[in-house]
Amino acid sequence: MVHPSRIHDHSGGSLPVSGRYVLYWMQASQRARCNHALEVAIAEAGRLGVPTVVAFGLTGQYPEAQPRHYRFMLQGLAETAQDLRERGVAFCLRLGEPPEVALELAAEARLVVMDAGYLRHQRAWRTKVTRGAPCPVLEVESDVVIPARVASDKEEYAARTLRPKIHRLLGAHLRSLEPSPVHVFAGDMGVATEDASDVEGLLSALNLTGDVDTTPHCLVGGTSQAVERLEGFVTRRLPHYHDRRSDPAEEWTSGLSPYLHFGQIAPLEVALAAQEAGGQGAEDLLEELIVRRELSINFVLHNPAYDRYECLPEWARATLGKHSEDIRDPIYTAEELEQAATADPYWNAAQREIRLTGAMHNYMRMYWGKKILEWTRTPEEAFAITLALNNRYCLDGRDPNSYAGVAWCYGKHDRPWQERAVFGTVRSMTRGGLDRKFNMAAYTERVEAL
DNA sequence: ATCGGCTCGCGCAA
DNA sequence: TGCGCGAAGCCGAT
């Protein structure tokens with residue numbers, strides 16, 4: 001049973017009349033398990049007595065996406081396609097703009113179910129499908145624990161303003177999802193599709209222009225990888241998560257961010273696993289996974305400038321502006337930063353980490369962003385460089401969390417602190433702070449060994 | 001090692 | 001209208 005607040009009916013009163021299948025246009029929730037949109041599609045198909053077809057539109061033009069992002073995603077889709085077929089659901093992968101692929105297949109659909117996306121292009125795609133589909137369209141939110149507009153109908157100021165709203169709704173929404181039985185198996189639907197298992201062939205077909213490719217240190221995509229990682233995290237790391245999650249010297253975090261970004265695992269599945277384990281570590285994980293993550297979604301949904309300096313609160317822009325003439329020393333170019341060629345070994349290690357692995361330790365990610373503010377000519381330029389490097393190298397780049405995380409470095413969702421050069425009253429971070437708290441030699445050695 | 005002050009604005013209590 | 005308090009900090013005083 002899918003909680004009705006996850007389902008948004010865009011049919012405008014139109015009724016399903018003809019059509020030979022229910023189409024689930026999969027775009028964000030790229031998984032065959034714990035997927036509310038998929039379960040709604042299967043349940044509706046059963047009610048209508050037709051099979052379910054899942055379609056994915058694969059475009060080589062995805063904003064800022066690099067080969068390493070595509071490979072990770074396609075590894076996951078290959079597995080998802082197989083899992084769906086085993087369940088009696090057809091999977092159709094087509095090259096093209098996602099909304100166009102969805103509308104091609106909607107022509108023969110009785111009903112379209114789609115998942116939710118919160119960035120502006122994702123919302124525009126869904127609007128296009130809603131307006132263009134010849135049948136009713138349901139949007140189902142499966143990549144959040146609390147549906148975004150149910151949690152809050154406005155931009156929240158900080159975690160503390162969203163937290164009580166989320167906690168009030170947790171009881172009703174932190175509920176496991178039972179798979180719906182498939183009544184009408186999809187046989188040969190006569191629907192043209194690419195071969196989803198041919199990851200390298202698809203990569204070639206996309207003619208990608210980006211030059212940031214997968215390395216042997218990058219994670220492998222896919223739901224089974226995510227589930228395996230989740231199980232290891234819950235048994236081995238969660239008991240120490242409260243005390244050690246901030247320490248970059250060792251890996252005590254879940255590392256699930258890329259899998260969550262591509263929807264290869266549901267936040268609900270992660271939350272339920274942590275909740276079942278219990279303890280302070282679980283409390284901390286749920287705070288990050290639900291309150292902080294869904295604050296990021298609230299941010300991109302309600303702040304139209306989420307990818308620009310203008311997204312920052314007034315006080316932050318005022319104080320950074322007041323200090324825009326402060327002497328910066330050293331100053332690095334975007335190129336020097338990208339090459340990890342600064343005089344700071346800790347920063348260089350963090351940058352090396354994203355270049356080689358596609359991920360960066362959570363704590364270092366804050367330090368890394370704060371230092372770019374300190375080492376470039378203007379806070380506007382710093383913001384742009386930080387976001388560009390983040391999105392280019394991190395496997396979870398372009399996630400709402402990425403936008404909120406970068407903006408946090410510049411004052412978003414935070415409060416003012418003691419005024420100082422360059423930062424003004426935006427919270428600063430220093431090398432000394434890292435040395436005081438952590439074994440930084442262990443961190444740099446770990447990254448150097450990659 | 002620990003502690004207070006720094007500084008703003010939201011949201012609740014009154 | 002007043003007041004408490006907040007993602008991860010920093011610095012200087014004790």
Side-chain angles (χ1 to χ4, degrees), chain A residues 151-168 237 240-254 257 274 280-299 302-303 311-323 326 344 346-347 350 353 359-374 379 386 390 396 399-440 443:
Chain A
S152 172
D153 57 4
K154 61 168 189 171
E155 183 181 9
E156 294 293 332
Y157 188 78
R160 69 182 156 87
T161 63
L162 182 62
R163 188 175 297 113
K165 299 178 183 181
I166 283 187
H167 279 276
R168 274 198 291 276
R237 302 180 187 178
H240 305 280
Y241 192 66
H242 176 65
D243 296 323
R244 311 185 78 162
R245 72 194 144 117
S246 291
D247 189 346
E250 295 175 70
E251 295 179 277
W252 290 98
T253 54
S254 74
S257 190
Q280 187 59 52
E283 292 295 314
D284 294 350
L285 182 88
L286 293 176
E287 165 73 11
E288 290 172 10
L289 178 74
I290 308 177
V291 176
R292 303 299 313 191
R293 182 171 179 275
E294 296 183 15
L295 176 64
S296 302
I297 287 166
N298 170 273
F299 170 55
H302 291 100
N303 192 321
C311 72
L312 300 178
E314 194 54 46
W315 70 265
R317 276 180 289 158
T319 194
L320 291 173
K322 182 180 163 193
H323 289 270
D326 291 359
D344 178 342
Y346 304 160
W347 195 93
E353 203 182 0
M360 192 193 305
H361 191 279
N362 301 341
Y363 198 92
M364 292 309 294
R365 215 152 161 174
M366 299 186 281
Y367 178 79
W368 174 84
K370 296 279 187 189
K371 288 293 144 181
I372 298 175
L373 168 59
E374 195 175 330
T386 309
N390 179 91
D396 65 358
D399 191 89
N401 267 323
S402 276
Y403 293 105
V406 168
W408 180 86
C409 295
Y410 295 80
K412 184 72 192 175
H413 296 155
D414 204 8
R415 63 180 165 125
W417 299 84
Q418 175 121 48
E419 189 163 16
R420 68 192 62 238
V422 182
F423 288 91
T425 59
V426 169
R427 183 198 302 254
S428 71
M429 293 177 85
T430 60
R431 265 180 79 176
L434 291 177
D435 280 322
R436 215 179 308 122
K437 293 171 192 136
F438 308 115
N439 178 357
M440 291 306 292
Y443 172 67

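Because the structure is predicted, anything quoted here is derived from the model rather than measured. Chain A is the first sequence line, chain B the second, and so forth, proteins listed ahead of strands; every chain is numbered from 1.
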Review point. Under 4.0 Å: is that the gap between some side-chain N or O of Y367(A) and OP1 or OP2 of dA7(C)?
Key: no
Check your understanding: So, E288(A) and R245(A), do they make that salt bridge, N to O below 4.0 Å?
Key -> yes
Point to revise | ring-ring contact (aromatic ring centres under 6.0 Å, His included) partners for Y367(A), two or more places apart | key: none
Check your understanding: With a 4.0 Å cut-off on heavy atoms, is M366(A) in touch with a base, just the backbone sugar-phosphate, or nothing at all?
Key -> base
Exercise for review: Please name the pair of heavy atoms, one in E374(A) and one in V422(A), separated by the smallest distance, quoted to 0.1 Å.
Suggested key: CA-CG1, 4.0 Å
Filtered N/O pairs between nucleotides 3-7 of chain B and protein, under 3.5 Å:
from   : atom 1 : to      : atom 2 : distance (Å)
dG5(B) : N2     : Q418(A) : OE1    : 3.4
dC6(B) : O2     : Q418(A) : N      : 3.3
dT7(B) : O2     : P416(A) : O      : 2.7

Point to revise | D326(A): side-chain hydrogen bond (donor to acceptor under 3.5 Å, both in side chains) partners, not counting sequence neighbours | key: H323(A)
Check your understanding: Taking the six-membered ring of W315(A), is the NZ or CZ of R317(A) close enough (under 6.0 Å from the centre) and on axis enough (within 45°)?
Key -> no
Check your understanding: Contact class for A159(A) (heavy atom, under 4.0 Å): base, sugar-phosphate, or nothing?
Key -> sugar-phosphate
Review point. K437(A) side chain N/O closer than 4.0 Å to the phosphate oxygens (OP1, OP2) of dG9(C)?
Key: yes
Check your understanding: Nearest-Å distance, CG (L434(A)) to P (dG9(C))?
Key -> 10 Å
Just the atom pairs and distances: protein N or O near nucleotides 11-14 of chain B's N or O, under 3.5 Å.
from    : atom 1 : to      : atom 2 : distance (Å)
dG11(B) : OP1    : K154(A) : NZ     : 3.4

Exercise for review: Could you list all the salt bridge (Lys or Arg N to Asp or Glu O under 4.0 Å) pairs where at least one residue sits in residues 430-439 of chain A, not counting sequence neighbours?
Suggested key: D344(A)-R431(A)
Review point. Once you round it to whole Å, what is the distance between C1' of dC10(C) and CZ of F423(A)?
Key: 11 Å
Check your understanding: If you look at every strand shown and take non-hydrogen atoms under 4.0 Å, does R365(A) touch a base, only sugar-phosphate, or nothing?
Key -> nothing
Review point. Among all residues two or more places apart in sequence or in another chain, which pass the salt bridge (charged side-chain N to carboxylate O under 4.0 Å, His left out) test with R427(A)?
Key: D414(A)
Revision key, fill the gap. Taken in chain and number order and not counting sequence neighbours, the residues that satisfy ring-ring contact (aromatic ring centres under 6.0 Å, His included) with Y241(A) are F233(A)
Review point. Distance check: side-chain N/O of R163(A) vs OP1/OP2 of dA7(C), anything under 4.0 Å?
Key: yes
Point to revise | Between dT7(B) and dC11(C) - P atom distance, rounded Å | key: 15 Å
Study note, to complete from the structure: Rounded to whole Å, the CD1-P distance (I166(A) to dA7(C)) equals 13 Å
Exercise for review: Kindly say if T430(A) contacts the phosphate of dC10(C), meaning a side-chain N or O under 4.0 Å from OP1 or OP2.
Suggested key: yes
Revision key, fill the gap. Residues at least two apart in sequence or cross-chain that pass ring-ring contact (aromatic ring centres under 6.0 Å, His included) with H240(A), listed by chain then number, are W252(A)
Point to revise | For atom CZ of R431(A) and atom C1' of dC11(C), their distance in whole Å | key: 18 Å
Exercise for review: Determine the interatomic distance between P on dG5(B) and the same-named atom on dG4(C); round to the nearest Å.
Suggested key: 14 Å
**Study point:** DNA chain B contacts made by residues 285-298 of chain A, counting heavy atoms under 4.0 Å
**Key:** none
**Study point:** By side chain to side chain contact (heavy atoms under 4.5 Å, CB included) - contacts of E155(A) (at least two apart)
**Key:** N298(A), F299(A), H302(A), N303(A), K412(A)
Practice item. Can you label the angle between the W347(A) ring and the W368(A) ring as parallel, tilted or perpendicular, going by 30° and 60°? Key: parallel
Check your understanding: Taking the same atom, P, in dC5(C) and in dA14(B), what whole-Å distance lies between them?
Key -> 14 Å
Review point. Hey, where does DNA chain C pair up into stems, meaning at least three consecutive Watson-Crick or G-U pairs with distances under 3.5 Å?
Key: B:1-6 with C:9-14, B:8-13 with C:1-6
**Study point:** Residue list, ring-ring contact (aromatic ring centres under 6.0 Å, His included) with W408(A), at least two apart or on another chain
**Key:** none
Point to revise | Presence of salt bridge, D396(A) and R365(A), under 4.0 angstrom | key: yes
Check your understanding: For D414(A) and dG9(C), what is the distance between atoms CG and C1' respectively, to the nearest whole Å?
Key -> 9 Å
Exercise for review: Mind calculating the distance between CG (D247(A)) and C1' (dA7(C)) to the nearest angstrom?
Suggested key: 17 Å
